[in-house]
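Since the structure comes first, as structure tokens, the remarks are kept for the end.
None of the values given here were measured: they were computed from a predicted structure.
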Amino acid sequence: MTASTEVPPPAAGERFEAVLRETVGPLADEVDRTGRFPRDGVRALAGAGVLGLLCAPEHGGPGGGLRQAAGVVERLAGVCGSTAMVVLMHYAATTVIDRHGPGEVRRAIAEGRHLSTLAFSEKGSRSHFWAPAGTAVREQDGTVRLDAEKSWITSAGEADSYVWSSRPVAEDGVMTLWLVPADSAGLHVRGDYDGFGLRGNASSPVTGKAVSVPGTAMLGADGEGLDTALGLVLPCFLVLSAAFSLGVTEALLDLTASHLRGSRLEHLDRTLAQQPLPRQEFARLRLRADAVRSFLDDTLAALEASRPEAQLRVLQVKALAAETAAEVADGAMRLCGGSAFRRDLGVERRFRDALAARVMAPTTEALHDFCGRAALGLPLFEEA
């Protein structure tokens, strides 16, 4: 357990640690090397109750909070970034489903029988998820036709459902949310993900052409999807993204510390850790990581206490954590030298995974703009 985040309660925590040790960890290198979706790890996490962590007790879940979810994502990210991202996006989708979704899906998630994910980013609006281009049209039979070109959807083709954004059907507003079963006719996953990092997270474009859903698939009210996204999804996503970055950062620092302690300069009969310059650089990176942990802890405390600055902290924490992870990853590569380029050390895999958060919407640049707007009393999404 860390100062800022918590793993699930004792019994569940023991099962979670066993899954990390026995399944997720041993498969992490293979998942990265082959780009294979971590089905075995996700299945084992479901069996340990991890997927249902955020589900309310009335739906059969433990009613876990964001602090516990952050602990799960942080631990997973240090072991297997791909698995961590799958769980992170599932948690973000769960926040909406558990509030507005049908009872049978809520119960299925609580029981670990349903994996969901977000389908917000689109080809037309790219990382500007708050301005969907996809449409929703009510048909004569009462069903709704969804059309969109979604981009980079985590767990594409692997999840059981998508929390899908569109323009409103009839009401004012900029967004409406839907629960779309992954086996719906008209959905097409366009190609396997073959990326630089997070290679097993199955992040691919998903096209929806004339996808028919019942009117009851609407999550919340028509036109109020942005309010739902800002109030439920965004805080969860941003905080868990920060926890993800922190988990990767801590893993990089652990690997770097082991390398510095174990590598020797034979002509001096001293380890790298005994050299002033590597020590100073490691201390600088350690300080950056500790600052992120303190900031994440304060962000969670602000949310828990509904402090006035909670919204600003949420916007800041992902930007800070993402850039810190990238900085520490670069520093770890430098400190470990040529050894870091070997796959067996584990640094280069985390280096690649560390760079993902800064370009995932909202990007670091967008978050800096949001933070400036929030601090200056301007609306966050004026463009929409």
Leu260/Thr271 under side-chain contact (heavy atoms from CB on, under 4.5 Å): CA gap, chis, key distance, verdict: CA-CA 7 Å; Leu260 294 178; Thr271 66; over 6 Å; no
Under a 3.5 Å distance rule, please check whether Asp40 uses its side chain to pair with a backbone N or O of Thr23 as donor and acceptor. no
Can you find a heavy atom in the side chain of His90 that is under 4.5 Å from one in the side chain of Ser116? yes
Are any of the side-chain nitrogens in Arg293 or Glu74 under 4.0 Å away from the carboxylate oxygens of its partner? yes
Less than 3.5 Å apart, any donor N or O on the side chain of Ser151 or Ser121 sitting next to an acceptor on the other? no
Taking Ser184 for the side chain and Pro181 for the main chain, is one N or O donor matched with an acceptor at less than 3.5 Å? yes
Is the shortest distance from a Lys or Arg side-chain nitrogen in Asp29 or Arg343 to a carboxylate oxygen in the other one below 4.0 Å? no
So which atom in Ala48 and which in Phe16 form the shortest heavy-atom distance, rounded to 0.1 Å? CB-N, 4.3 Å
Check this for me: does any side-chain nitrogen of one of Arg199 and Asp353 sit under 4.0 Å from a carboxylate oxygen of the other? no
Straight-line distance of Leu54 CG to Leu66 CG, nearest 0.5 Å: 7.5 Å
How close do Pro102 and Leu179 get, heavy atom to heavy atom, and via which atoms? CD-CD2, 3.7 Å
Donor-acceptor check, side chain of Arg358 to backbone of Ala322, threshold 3.5 angstrom: yes or no? no
Ser245 and Lys318: side-chain donor and acceptor closer than 3.5 Å? no
Does Trp164 form a side-chain contact (heavy atoms from CB on, under 4.5 Å) with Lys150? I'd like the steps, not just the answer. CA-CA 9 Å; Trp164 187 279; Lys150 300 291 181 178; 3.6 Å; yes
Inter-residue atom distance Asn201.CG - Tyr193.OH, 0.5 Å rounding: 5.5 Å
Could you tell me which non-hydrogen atom of Arg350 sits nearest to which non-hydrogen atom of Val248, and how far apart they are? O-CG1, 3.5 Å
Using a 4.5 Å cut-off on heavy atoms from C-beta on, say whether the side chain of His259 contacts that of Val347. no
Any idea how Phe129 and Phe120 line up, ring-wise: parallel (<30°), tilted (30 to 60°), or perpendicular (>60°)? parallel
Less than 4.5 Å apart, any side-chain heavy atom of Trp178 and any of Val169? yes
In terms of heavy-atom contacts, does CG of Asp172 have more than 12 from other residues, nucleotides or ligands at under 6.0 Å? no
Using a 6.0 Å cut-off, check whether atom CZ of Arg261 has over 12 heavy atoms from anything other than its own residue. no
Exercise: identify the closest heavy-atom pair between Ala136 and Val144: CB-CG1, 3.9 Å
So, for Ala332 and Leu252, which heavy atoms are closest and what is the spacing to 0.1 Å? CB-CD2, 4.2 Å
Can you list everything that forms a ring pair (Phe, Tyr, Trp, His ring centres under 6.0 Å) with Phe295? Sequence neighbours excluded, please. none
Hey, mind stepping through Thr154 and Leu118 against side-chain contact (heavy atoms from CB on, under 4.5 Å) and telling me if it holds? CA-CA 7 Å; Thr154 297; Leu118 297 180; over 6 Å; no
Verify, without hydrogens or angle tests, whether Arg167 (side chain) and Thr135 (backbone) share a donor-acceptor contact under 3.5 angstrom. no
Is there a side-chain contact between Thr228 and Leu219, using heavy atoms and a 4.5 Å cut-off? no
At what distance, to the nearest 0.5 angstrom, does CG of Leu367 lie from CG of Leu320? 11.0 Å
4.5 Å side-chain heavy-atom contact, Val174 and Trp130: no
Mind checking whether Pro205 and Trp152 have side chains closer than 4.5 Å, heavy atoms only? yes
How many angstroms lie between NE2 in His368 and CD in Glu323, if you round to the nearest 0.5 Å? 6.0 Å
Can you tell me if CZ on Arg99 sees more than 12 non-hydrogen neighbours from other groups inside 6.0 Å? no
Nearest 0.5 angstrom please: Leu177 CG to Glu224 CD, how far? 10.5 Å
Taking the hydrophobic residues Ile, Leu, Val, Met, Phe, Trp and Tyr, and joining any pair whose side-chain heavy atoms are under 4.5 Å apart, which ones share a cluster with Val359? none
Residues Glu30, Arg33: salt bridge by 4.0 Å N-O rule: no
Can you tell if the side chain of Phe196 reaches within under 4.5 Å of the side chain of Phe351, non-hydrogen atoms only? yes
Check Glu58 with Arg106, please: is the shortest side-chain N to carboxylate O separation under 4.0 Å? no
Nearest 0.5 Å please: distance from the CG atom of Asp222 over to the CE atom of Met175. 12.5 Å
Just wondering, more than 12 heavy atoms not from Asp192 lying within 6.0 Å of its CG? no
Of all the heavy-atom pairs spanning Leu115 and Ser155, show the shortest one and how long it is. CD2-OG, 4.3 Å
Mind checking whether Cys336 and Leu255 have side chains closer than 4.5 Å, heavy atoms only? no
Just wondering, are more than 12 heavy atoms of other shown residues or ligands nearer than 6.0 Å to CD in Glu327? yes
Charged N to carboxylate O under 4.0 angstrom, Arg334 versus Glu281? no
